[in-house]
Amino acid sequence: MSIHRTSPAGGPGPASPAPSPAGRARAGRGLFGPRRDRHALPVEQLAALRLPLGDDGVVAGTDAQGQPAVLGLFRPVQLDVVVIGSVWTAQVLALRTAGTGARVAVETARPQAWTGLAQAAGGSQQCMTVHDVKQVGPQGASLTSPVLVVRDCGMRPPRSRLAAGPWQSVLTLLPFLGPTAPKLVEHAGLVGIQRVSPEEAAVLGRILRLPRVNAEALSQLGDDMVLWCTPKHRKLVKMQPTDIEAGLLGGPRRLD
């Protein structure tokens with residue numbers, strides 16, 4: 001069907017019936033939407049644009065300024081994390097990781113410490129599973145289903161049988177510095193340290209190249225404090241449990 005406009009002589013051509021609102025559709029594009037002014041920004045003002053976006057990850061606590069300290073645990077390559085501290089700290093991190101929608105697999109020599117938490121964390125869904133040492137199978141981690149593997153295997157954790165993969169993080173919990181600890185710490189992408197002895201603090205200071213003030217402070221940290229270190233950055237974080245976490249796990253502690 002053709003639509004006639006004015007005739008060549010300038011007079012009006014045959015009139016077309018006015019389309020109803022329901023018929024104001026464009027072929028293949030649906031109905032016209034409401035007409036409003038466009039939101040535009042001049043090019044010269046782009047440099048002043050700021051978006052209030054926060055970090056994405058697991059909240060490990062608050063920093064010295066009272067701002068949330070966030071750990072970005074999941075990446076396109078595997079991230080190895082070492083925590084030198086208590087099972088309480090590892091359990092809080094595992095619970096918060098599950099709260100982000102990730103799956104958690106716990107490899108442990110003390111399943112009695114984790115089974116109750118796994119049942120409470122999952123509810124009707126099995127988001128946290130508990131496995132014996134060396135019994136963790138492939139987890140099938142992906143961008144839409146990342147996985148945190150917690151290895152709570154004591155001071156001498158055996159070599160993991162789990163193949164490295166993207167969107168999978170492995171957190172190794174060490175109560176103290178054992179024979180394998182220096183190598184694990186040296187190759188970790190992220191290290192969390194609770195209070196340690198002055199001798200352990202000196203060793204960690206050398207491995208992580210910590211400023212002297214940070215290394216000396218490691219032997220004086222409170223039960224709720226963790227120093228998080230990457231190869232380039234470090235941040236002292238206070239871990240304050242929520243009411244639900246305190247009900248399940250109790251208050252912060254360094255010793256189990």
Side-chain angles (χ1 to χ4, degrees), residues 57-60 71-181 183-185 187-194 226 239 241 244-245 247-250 252-256:
V58 177
V59 177
L71 304 178
L73 292 181
F74 301 112
R75 306 173 185 181
V77 296
Q78 177 168 301
L79 174 66
D80 291 316
V81 184
V82 173
V83 172
I84 303 169
S86 66
V87 70
W88 182 90
T89 299
Q91 288 178 331
V92 170
L93 293 173
L95 193 60
R96 293 180 181 181
T97 300
T100 68
R103 291 179 288 126
V104 179
V106 182
E107 178 185 1
T108 180
R110 44 180 173 180
Q112 70 280 1
W114 288 91
T115 302
L117 177 63
Q119 294 172 347
S124 60
Q125 298 180 350
Q126 196 174 31
C127 63
M128 186 181 299
T129 55
V130 180
H131 310 263
D132 291 332
V133 177
K134 295 186 178 182
Q135 298 302 313
V136 180
Q139 297 298 305
S142 67
L143 173 61
T144 58
S145 184
V147 176
L148 173 66
V149 178
V150 179
R151 306 196 71 218
D152 176 22
C153 305
M155 292 182 61
R156 295 174 179 265
R159 186 179 181 87
S160 177
R161 293 183 177 181
L162 192 63
W167 308 111
Q168 175 177 277
S169 295
V170 177
L171 187 157
T172 300
L173 175 65
L174 301 175
F176 303 100
L177 286 187
T180 62
K183 184 177 180 180
L184 289 171
V185 170
H187 290 90
L190 179 64
V191 180
I193 309 169
Q194 286 188 272
V226 181
M239 293 191 70
I244 293 177
E245 292 167 349
L248 287 172
L249 305 172
R253 57 184 180 272
R254 172 60 181 93
L255 300 176
D256 298 318

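Using a 4.5 Å heavy-atom threshold, the side chains of Pro146 and Thr100 count as separate. Counting heavy atoms from C-beta on, the side chains of Pro175 and Asp256 never come closer than 4.5 Å. The shortest side-chain heavy-atom distance between Ile84 and Val185 falls under the 4.5 Å cut-off. Contact annotation: the side chain of Thr172 never approaches that of Cys153 to less than 4.5 Å [non-hydrogen atoms, C-beta and beyond]. When side chains are defined from C-beta on, Val133 counts as touching Pro158, because their heavy atoms get closer than 4.5 Å. Leu162 is not listed as a side-chain neighbour of Glu107, based on a closest heavy-atom distance of 4.5 Å or more. Annotation: side chain of Val226 is not in contact with side chain of Val83 (no heavy-atom distance under 4.5 Å).
Across all their heavy atoms, Ala118 and Val130 have their closest contact at CB-CG2, 3.9 Å. Looking at every heavy atom in both residues, Trp114 comes nearest to Val106 through CD2-CG1, 3.5 Å. The minimum heavy-atom distance between Ala121 and Cys127, with the atom names listed, is O-SG, 3.6 Å. When all heavy atoms of Leu117 and Leu248 are compared, the pair lying nearest together is CD1-CD1, 4.3 Å. In terms of heavy-atom proximity, Leu148 sits nearest to Phe74 at N-CE2, 3.9 Å. In this structure, Ala141 and Val147 approach most closely via the heavy-atom pair CB-CG2, 3.8 Å.
Expressed to the nearest 0.5 Å, how far CZ of Arg75 lies from OG of Ser169 amounts to 7.5 Å. Distance check, rounded to the nearest 0.5 Å: OG1 of Thr97 to CG of Leu171 gives 8.0 Å. Note: Arg253 CZ to Met239 CE = 11.5 Å, rounded to the nearest 0.5 Å. In this structure, CG on Leu249 lies 10.0 Å from OG1 on Thr89, to the nearest 0.5 angstrom. Rounding to the nearest 0.5 Å places CG of Asp80 at 10.0 Å from NE2 of His187. Note that CD of Gln194 and CG of Leu174 are 12.0 Å apart. Values are rounded to the nearest 0.5 Å.
Without hydrogens or angle criteria, Arg96 side chain to Val59 main chain gives a donor-acceptor distance under 3.5 Å. No side-chain donor-acceptor contact under 3.5 Å links Arg110 to the backbone of Gly154. Side chain of Gln168 to main chain of Ala163: a donor-acceptor pair is present (N/O by atom type, distance under 3.5 Å, no hydrogens or angles).
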Worked verdict on Thr108 versus Val87 for side chain to side chain contact (heavy atoms under 4.5 Å, CB included): CA-CA 11 Å; Thr108 180; Val87 70; over 6 Å; no
CA sep, side-chain torsions, deciding dist, call: Leu190, Leu73, side chain to side chain contact (heavy atoms under 4.5 Å, CB included): CA-CA 9 Å; Leu190 179 64; Leu73 292 181; 4.2 Å; yes
From CA spacing to verdict: side chain to side chain donor-acceptor pair (under 3.5 Å), Arg103, Ser145: CA-CA 7 Å; Arg103 291 179 288 126; Ser145 184; 2.8 Å; yes
